[in-house]
Amino acid sequence: MRDVLERLAAGELSVAEAEAELAGYATTDAGRFDAARETRRGVSEAILAEGKTPAEVGALAATAVETAGRALVTRADDERRAAVRAAMAEEHPDADVTVDERARVVVAHAPAFEPPALDATVGLVSGGTSDAAALGEADAVATEMGARTMRVEDVGVASIARLLDRVDELRACDVVVVAAGREGALPTVVAGLLDAPVIGLPVSTGYGHGGRGEAAMLGMLQSCTVLSAVNVDAGFVAGAQAGLIARRIAAARAE
């Protein structure tokens, strides 16, 4: 504690950085940012933009970069993406900012931030182009956790030959996330072809009875092949689960 206070007094730490080191979180008018979550849980805190004002999203993103070296913002529309960019330009002009508009994800890294690197690969599979947003969110999270990612897209069961052409690539992956809407059959098929853990990501495509991802989720829960399933459109959770598995595999390889 004394070391933190001395660095604060010397101007080497900001108040937010000192609070984050002492309490594990930083308090702002927009809420508390859990700067210690990655150390404690293995998954850094993401800033869910939905339900927050643009100003709140921007302020939390700036605090994240200040205290943790990076910010990961999910479910960000145009207005909230612009707010993050504005906050970075004002508070952290040297930060590296990347935006995935389709996945609605914004990532910002401080110049000195060193991203983790895992000796493990997460495969990311989609049934169709409509599943790309949820899959992109999973990709962003797994990448930020340090995993290598490989995407195999538009290989839905309506033409299973598209998947069979890519099976050898998927067999080289350590864990696989499969995003599918409608009846959600693709994760079951993929899991029947691989010996790696498969995480089913139901997507809210489809319509009518069982639409909005309900049939897809139920199909994954009733899968006759072994797989896990997350909630509808829960790309963050799928990516984080895959990242945690990748961490364990990478640690085992390093032994």
Side-chain angles (χ1 to χ4, degrees), residues 16 26 28 30 33-35 37-38 41-118 120-126 129-154 173 177 179 201 203 233-244 246-247 250:
T28 75
F33 178 76
D34 186 358
R37 184 173 302 182
E38 184 171 10
R41 181 67 182 89
V43 183
S44 62
E45 180 174 12
I47 299 161
L48 176 65
E50 285 182 351
K52 297 181 178 70
T53 68
E56 288 169 342
V57 174
L60 285 168
T63 299
V65 171
E66 181 180 0
T67 59
R70 68 168 159 200
L72 172 61
V73 182
T74 63
R75 308 296 173 95
D77 59 14
D78 289 342
E79 191 175 8
R80 284 154 185 80
R81 290 195 293 266
V84 173
R85 287 191 178 277
M88 291 302 113
E90 181 176 350
E91 301 290 337
H92 306 288
D94 295 330
D96 178 44
V97 180
T98 58
V99 176
D100 185 332
E101 293 187 2
R102 182 162 206 149
R104 297 184 295 162
V105 170
V106 184
V107 176
H109 288 171
F113 178 73
E114 296 184 7
L118 302 177
T121 301
V122 175
L124 297 142
V125 183
S126 69
T129 305
S130 298
D131 307 319
L135 193 72
E137 187 174 277
D139 192 350
V141 176
T143 298
E144 283 301 297
M145 293 178 69
R148 297 185 297 267
T149 62
M150 185 195 72
R151 289 176 74 149
V152 174
E153 300 186 78
D154 199 13
C173 295
V177 175
L201 171 55
V203 180
D233 291 334
F236 176 86
V237 178
Q241 287 287 69
L244 288 171
R247 278 167 57 96

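Between the side chain of R70 and the backbone N or O of E144, at least one donor-acceptor pair lies under 3.5 Å. S126 places a side-chain N or O within 3.5 Å of a backbone atom of D154 that can act as its donor or acceptor partner. In this structure, E91 contributes its side chain and A62 its backbone to no donor-acceptor pair below 3.5 Å.
Here the OG1-CG distance, from T74 to D100, works out to 12.0 Å after rounding to the nearest 0.5 Å. The CG atom of D233 sits 11.5 Å away from the CG atom of L135 when rounded to the nearest 0.5 Å. For the atom pair CD (E45) and OG1 (T63), the distance works out to 10.5 Å, reported to the nearest 0.5 Å. Taking NE2 of H109 as the reference point, atom CG of L72 lies at 8.5 Å (rounded to 0.5 Å). We find the CD-CG distance between E50 and D77 to be 8.5 Å, quoted to the nearest 0.5 Å. The CD1 atom of I47 sits 5.0 Å away from the CG atom of L60 when rounded to the nearest 0.5 Å.
Looking at every heavy atom in both residues, A138 comes nearest to L124 through CB-CD2, 4.0 Å. Across every non-hydrogen atom of A46 and F236, the tightest pair is CB-CE1, 3.4 Å. In plain terms, the two heavy atoms of M88 and A95 that are nearest each other are SD-CB, 4.2 Å. The minimum heavy-atom distance linking A246 with A147 is given by the pair CB-CB, 4.1 Å. P54 approaches A83 most closely through the heavy-atom pair O-CB, 3.2 Å. Closest heavy-atom contact between G69 and F113: O-CB, 3.4 Å.
Contact of the L244 side chain with the R41 side chain is registered, since non-hydrogen atoms from C-beta on lie closer than 4.5 Å. Side-chain contact check for V122 versus M145: every heavy-atom pair is 4.5 Å or farther apart. Using a 4.5 Å cut-off on side-chain heavy atoms (C-beta onward), V106 and T98 make no contact. Under the 4.5 Å side-chain criterion, counting only non-hydrogen atoms from C-beta, V43 is not in contact with R247.
For residues 42-86, the set of pairs meeting the ring pair (Phe, Tyr, Trp, His ring centres under 6.0 Å) definition, not counting sequence neighbours, is empty.
Under the side-chain contact (heavy atoms from CB on, under 4.5 Å) test applied with R104, the options E137, R75, R80 reduce to a single match, R75.
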